[in-house]
Amino acid sequence: MTHPLLDLPAVTAEDFARIERRVAALLGTAQDVVLMQGEALLPLEACIRAGAPRGSSALNIVTGPYGQTFGNWLRDCGAQVTDLVVPFHTAVTADRVAEALAAQPETGFVSLVHAEAATGNTNPVAEIGEVVRAHGALFYLDAVASIGAEPVLPDAWGVDMCIIGAQKAMGGPAGVSAVSVSARAWERFAANPHAPRGSYLSLLDWKDRWIDGGRKALMFAPAQLEMLALDACLERIEEEGVDGVTGRHAAAAAATRAGANALGAGVEPFVYEAKDAAPVATTLRVTDGLDAREVVARALALNPSVPLIAGGGALAKEMIRVNHYGRDASRHVVLASLAALGGALTALGRPVDNASARQAVTETWPGE
Ligand SMILES: *Cc1c(COP(=O)(O)O)cnc(C)c1O
């Protein structure tokens with residue numbers, strides 16, 4: 001008997017190369033794109049292990065939990081790491097990056113997370129890219145949470161390693177990922193004696209054996225299920241149009257923020273300024289001594305299908321995340337999320353204005 005998840009069409013080297021070109025088009029990049037057969041943490045780690053040689057200096061910009069992870073990898077590679085830590089309710093500025101680079105002129109690697117789903121902020125990559133490029137450092141960007149939710153333009157922004165995954169705003173699979181690699185980055189990887197080789201983490205293996213070999217032979221069996229799903233999700237994005245997809249996420253974020261403000265009690269936007277708020281997900285701070293986990297549990301009891309979750313780790317008590325990404329970037333889901341949240345806060349005795357919240361959403365995001 002055939003099964004929809006088994007008995008799949010083969011994924012050939014040609015298909016693989018075609019999916020790479022599709023990702024390159026999504027990123028508007030002329031750089032090499034490498035598809036990687038693992039969740040986005042694979043290229044995120046691979047780029048650091050190749051791009052940060054022992055004894056080099058790196059600037060690690062921390063605007064959320066992923067930045068902390070990257071700092072740990074950079075240190076593990078033997079790099080001298082300067083952490084530029086920014087409060088999670090805001091974004092880093094190009095001026096702060098310029099100051100940090102001026103204080104550490106030997107910096108050869110700068111890591112940045114574009115948007116953080118975990119904290120709900122987004123950083124001005126174009127402006128930061130200008131500063132990093134002027135300095136001459138390699139620019140590493142985690143665009144996993146921004147791709148599909150807002151423009152991601154590695155070539156225009158001078159990004160040397162732009163890492164994406166499909167599982168957030170692209171509405172695709174989590175088991176594959178991709179990275180665009182600039183010519184400068186390939187040169188620095190090749191010059192690093194400790195860059196992974198003969199390893200699942202090795203980007204240089206992909207360069208030597210796949211790209212420079214003319215993309216004729218895959219190094220190992222393709223992750224068939226995930227590659228087919230990635231191809232399908234790229235096709236769906238092309239059908240809607242990238243502007244359509246990013247526009248939907250921007251509208252979901254604006255409407256969620258407006259609705260949360262209109263509730264008038266119990267929650268407020270976690271990210272202070274709307275310009276620093278990520279289109280991929282909206283984070284809310286609970287007020288009045290509430291516990292975010294309790295609010296979320298009550299909201300999910302009212303409607304288990306809404307994409308609400310309490311913050312991770314140290315933020316669990318104070319933060320609620322509204323993960324309005326992928327198919328959940330819809331007016332219907334935003335309205336349902338605020339209704340569940342409003343219902344939970346009402347049950348907890350907070351004087352929320354559910355009608356105003358609903359009106360704020362529909363005014364901010366009219367029709368659909
Ligand atoms: C989601 C995300 C990733 C991927 O990590 P998972 O937790 O495995 O989904 C990487 N970076 C950022 C900024 C993310 O938001």
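Indexing begins at 1, ligand by ligand and atom by atom, following the structure's order. This one's a predicted model, so the numbers in the text were calculated from it and none came from an experiment.
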[X] heavy atoms, cut-off 4.0 Å: which ligand 1 atoms fall inside?
X: Ala117; answer: 15 (O)
X: Val144; answer: 2 (C), 3 (C), 4 (C), 10 (C), 11 (N)
X: Tyr66; answer: 1 (C), 2 (C), 3 (C), 4 (C), 5 (O), 6 (P), 7 (O), 10 (C), 11 (N), 12 (C), 13 (C), 14 (C), 15 (O)
X: Val113; answer: 13 (C)
X: Ala115; answer: 13 (C)
X: Ala145; answer: 15 (O)

Ion pair Asp160/Arg188, N-O distance below 4.0 Å
no
Would you call Arg298-Glu294 a salt bridge at under 4.0 Å N-O?
yes
May I ask you to check whether Thr93 and Asp95 show a side-chain donor-acceptor distance below 3.5 Å?
no
Regarding Asp15 and Thr12, do their side chains bring together a donor and an acceptor under 3.5 Å, going by distance alone?
yes
Measure up the His89 and Tyr272 rings against each other and bin them: parallel (under 30°), tilted (30 to 60°), perpendicular (over 60°).
parallel
Mind checking whether Trp210 and Phe16 have parallel, tilted or perpendicular rings, split at 30° and 60°?
perpendicular
[X], portion touching ligand 1 at heavy-atom distance under 4.0 Å:
X: Leu41; result: side chain
X: Glu39; result: side chain
X: Ala118; result: neither

Transitive ILVMFWY side-chain link Val152 to Phe70, under 4.5 Å:
yes
Quick one: which of Gln167, His114, Lys168 has a heavy atom closest to atom 1 (C) of ligand 1?
Lys168
Polar contacts were defined as any N/O atom of the residue lying under 3.5 Å from an N/O atom of the ligand; does this apply to Asp142 and ligand 1?
yes
Would a 4.5 Å heavy-atom cut-off, applied to side chains only, mark Lys168 and Ile147 as touching?
no
